[in-house]
*Asks:* 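What follows is a structure written as structure tokens; I'll ask about it next.
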Amino acid sequence: MNDTITAIATGMGNSGIGIIRISGDLAISIADKIFVPKNKNKSIASMESYTAAFGVISYEDEIYDEAIALVMRAPHTYTAEDVVELDCHGGIIALKRILDLVIKLGARPAEPGEFTKRAFLNGRIDMSQAESVMDLIHSQNELAAKSSVLQLTGGLKTIITSMREQLLYKIAYIESALDDPENYSLDSFSQELQNTVDNLLITIENLIKSSNNGRLIHEGIRTVIVGRPNAGKSSVLNMLLGENRAIVTDIAGTTRDTLEEHINIDQISLNIIDTAGIRETEDIIERIGVDKAIDSIDDADLILYIVDGTTNLDENDFHVMDKIKEKKVITLINKNDQPLIVDKLLITSRITTEILEISAKEGVGKDAIGELLKKMFFDNELSYNNQIYISNMRHKSLLYEAKDSLNKVLESIDLEMGEDFFTIDLMSAYVSLGKIIGEELEDDLVNKIFSEFCMGK
């Protein structure tokens with residue numbers, strides 16, 4: 001890890017500013033060879049950490065660009081190595097020329113996520129913090145971003161480290177007592193251990209419970225819009241999006257395929273799928289659309305069931321309700337800008353659902369949907385309150401492993417087994433929790449995690 005890496009750290013396209021990041025032992029010397037400050041009394045090599053200078057990128061009498069150079073010296077940098085960032089004008093061709101120059105002078109192209117990987121390997125951050133970097137980059141709403149920042153600043157690390165310290169103390173005490181029983185007593189130890197394990201299990205269980213909310217916050221609620229043909233499904237999608245994304249006509253069966261969009265309603269992200277109207281049809285193409293609509297229901301977290309409130313329910317509605325009765329459902333009675341005649345009691349007699357009256361045409365009902373989503377998925381409490389939400393499935397799996405190991409400790413206590421049996425499962429829990437923050441991780445898994453990062457991060 002002594003080599004020096006470089007990458008374009010901003011988006012690969014035309015923009016006002018483009019940043020080239022260099023990290024490693026040669027970062028300052030390479031930048032010193034190509035950056036000429038306007039202040040002739042300055043040089044990259046002489047600049048103090050966290051200082052900047054304006055100048056030009058120049059090599060062999062050719063000027064490549066004007067730039068600002070920011071020098072950050074180890075160990076107080078993102079990677080804990082010497083880092084130089086060259087803030088240039090945006091534009092992929094101009095940046096690529098400067099990047100090629102940096103590589104020519106001794107750096108190599110960074111692999112995806114390699115800057116963050118070096119921060120992890122150099123001990124500046126743990127694995128949970130590293131993974132939160134990508135969560136932050138991919139945040140789709142404000143709450144997800146705030147949750148990621150909390151983990152980035154060590155919120156989860158603090159909890160995991162505390163639990164591991166308690167486990168290590170108990171393991172060390174057992175080992176000491178077995179080796180030196182005259183000075184370390186195990187009298188009443190089983191009860192003390194049980195109390196500790198019970199408290200740890202409460203903490204772990206709370207983290208596991210947060211994982212569903214964490215997934216919904218970060219990834220969005222998988223939402224499928226269903227209903228019979230011409231009930232107003234596409235109009236509802238357009239209302240939620242605030243634009244005419246889907247084709248709307250009075251002709252039943254207009255939507256023949258699924259249409260996927262991402263929207264935010266009151267800090268809640270919905271990955272929403274508009275589907276073909278569900279009905280029996282002889283039209284081969286429409287039949288394919290109906291089958292895709294039914295398949296979409298299986299993976300949905302939420303069903304938005306659209307009903308035309310100006311007509312009575314028919315066999316197509318009953319067919320839809322049979323398909324969604326096992327799911328979380330919000331029934332949207334559409335067209336409440338007109339007299340409604342639909343039988344709501346008939347709907348609630350067939351499926352468990354919340355019901356809202358809306359007018360997709362008039363744009364009435366979107367706020368009410370947001371409030372209902374909070375009630376159904378977040379117990380009316382969707383706010384930033386410094387709570388850790390587990391959104392990473394790797395973390396969740398390891399928490400379950402730790403939970404299983406600690407439950408085995410409780411079983412051993414109940415069976416009055418010897419204390420040496422306790423250490424096996426205590427150590428197993430210790431290792432599982434350690435993997436969350438990057439302890440005990442194998443190199444191939446570390447490489448796989450960072451390979452999913454974007455270039456330049």
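Just so you know, these numbers come straight off a predicted model, no measurement behind them.
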*Asks:* Please report the shortest heavy-atom distance between I103 and P109, naming the atom on each side.
*Replies:* CD1-CG, 3.7 Å
*Asks:* About how many Å separate OG1 of T203 and NZ of K403, when rounded to the nearest 0.5 Å?
*Replies:*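 Here the rounded value is 13.0 Å.
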*Asks:* I'd like to check I34 versus Y64 (side-chain heavy atoms, cut-off strictly below 4.5 Å). Are they in contact?
*Replies:* no
*Asks:* Checking D65 side chain against A67 main chain: does a donor-acceptor pair fall under 3.5 Å?
*Replies:*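 A pair under 3.5 Å: no.
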*Asks:* Should F422 and S190 count as side-chain neighbours, where that means a heavy-atom distance under 4.5 Å?
*Replies:* yes
*Asks:* With a 4.5 Å limit on heavy-atom distance, are the side chains of K170 and T196 in contact?
*Replies:*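 A side-chain contact under 4.5 Å exists here.
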*Asks:* So how far is it from L372 CG to F377 CZ, rounded to the nearest 0.5 Å?
*Replies:* 9.5 Å
*Asks:* Are I22 and I28 side-chain neighbours, meaning at least one heavy-atom pair lies under 4.5 Å?
*Replies:* no
*Asks:* Run E131 and R394 through salt bridge (charged side-chain N to carboxylate O under 4.0 Å, His left out) and show every step you take.
*Replies:* CA-CA 10 Å; E131 289 168 308; R394 188 182 72 85; 2.9 Å; yes
*Asks:* Taking all atoms of both residues into account, what is the closest heavy-atom pair of S23 and T79, and its distance?
*Replies:* OG-OG1, 2.8 Å
*Asks:* Which heavy atom in A429 sits nearest to a heavy atom in A402, and how many Å separate them?
*Replies:*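 So the two residues come closest at CB-O, 4.0 Å.
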*Asks:* Which atom names give the shortest non-hydrogen contact between N122 and A80, and what distance separates them?
*Replies:*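 Minimum heavy-atom separation between N122 and A80: CB-CB, 3.8 Å.
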*Asks:* Salt bridge between R222 and D301, side-chain N to carboxylate O under 4.0 Å?
*Replies:*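 Result for this pair is yes, salt bridge flagged.
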*Asks:* Would a 4.5 Å heavy-atom cut-off, applied to side chains only, mark E85 and D87 as touching?
*Replies:*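 Yes, at least one pair of side-chain atoms sits under 4.5 Å.
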*Asks:* Holding to salt bridge (Lys or Arg N to Asp or Glu O under 4.0 Å), I want the full list of residues that pass it with K96, two or more places apart in sequence or in another chain.
*Replies:*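 Salt bridge (Lys or Arg N to Asp or Glu O under 4.0 Å) list for K96, sorted by chain: D100.
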*Asks:* With the threshold set at 4.0 Å, does a side-chain nitrogen-carboxylate oxygen contact exist between R118 and E114?
*Replies:*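 Counted as a salt bridge, because a side-chain N and a carboxylate O are separated by less than 4.0 Å.
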*Asks:* When you measure from the side chain of S428 to the backbone N and O of D425, does any donor-acceptor pair fall under 3.5 Å?
*Replies:*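 No; zero donor-acceptor contacts below 3.5 Å.
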*Asks:* Okay, side chain of R124, backbone of T77: is any donor-acceptor separation there less than 3.5 Å?
*Replies:* yes
*Asks:* When rounded to the nearest 0.5 angstrom, what is the spacing between CZ in R164 and CG in L200?
*Replies:* 12.5 Å
*Asks:* When you measure from the side chain of T223 to the backbone of L302, do you find a donor-acceptor pair of N or O atoms at a distance under 3.5 Å?
*Replies:* no
*Asks:* Is any NZ, NE, NH1 or NH2 atom of the basic residue among K435 and E401 found under 4.0 Å from an Asp or Glu carboxylate oxygen of the other?
*Replies:*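 Salt bridge flag = no for E401 with K435.
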*Asks:* Specify the closest pair of heavy atoms between N264 and S269, including all atoms of both residues, with the distance to one decimal.
*Replies:* OD1-OG, 2.6 Å
*Asks:* Would you give the length of the straight line joining atom NZ of K366 to atom CG of L356, rounded to the nearest 0.5 angstrom?
*Replies:* 14.5 Å
*Asks:* So, do I330 and Y305 sit near enough that their side-chain heavy atoms are less than 4.5 Å apart?
*Replies:*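 Result no, sub-4.5 Å side-chain heavy-atom pair not found.
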*Asks:* Between Q191 and N195, does any side-chain donor sit less than 3.5 Å from a side-chain acceptor?
*Replies:*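 Side-chain D/A pair, Q191 to N195: present.
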*Asks:* Do side-chain atoms of T161 reach the backbone of T158 as a donor and acceptor pair under 3.5 angstrom?
*Replies:* no
*Asks:* When you check the gap from the basic side-chain N to the acidic O, do R97 and E62 get nearer than 4.0 Å?
*Replies:* yes
*Asks:* Please answer whether the main-chain N or O of T331 pairs with a side-chain N or O of T353 as donor and acceptor at a distance below 3.5 Å.
*Replies:* yes
*Asks:* Without swapping roles, check the side chain of S29 against the backbone of L26 for a donor-acceptor pair under 3.5 Å.
*Replies:*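 Answer holds: yes.
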*Asks:* What's the separation between atom OG in S128 and atom NZ in K157, rounded to the nearest 0.5 Å?
*Replies:*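 If we round to the nearest 0.5 Å, S128:OG and K157:NZ are 8.0 Å apart.
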*Asks:* Looking at side-chain heavy atoms only, is the closest gap between V36 and I57 below 4.5 Å?
*Replies:* no
*Asks:* Return the CG to CG distance between L86 and L70, rounded to the nearest 0.5 Å.
*Replies:*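 One finds 9.5 Å between CG of L86 and CG of L70.
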*Asks:* Between D82 (side chain) and D25 (backbone), is there a donor-acceptor pair under 3.5 Å?
*Replies:*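 No, the answer is negative, given that no donor and acceptor are paired below the 3.5 Å cut-off.
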*Asks:* Of all the heavy-atom pairs spanning G232 and I306, show the shortest one and how long it is.
*Replies:*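 So the minimum-distance heavy-atom pair works out to C-CG2, 4.0 Å.
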*Asks:* Taking C-beta and beyond as the side chain, do L406 and I204 meet within less than 4.5 Å on heavy atoms?
*Replies:* yes
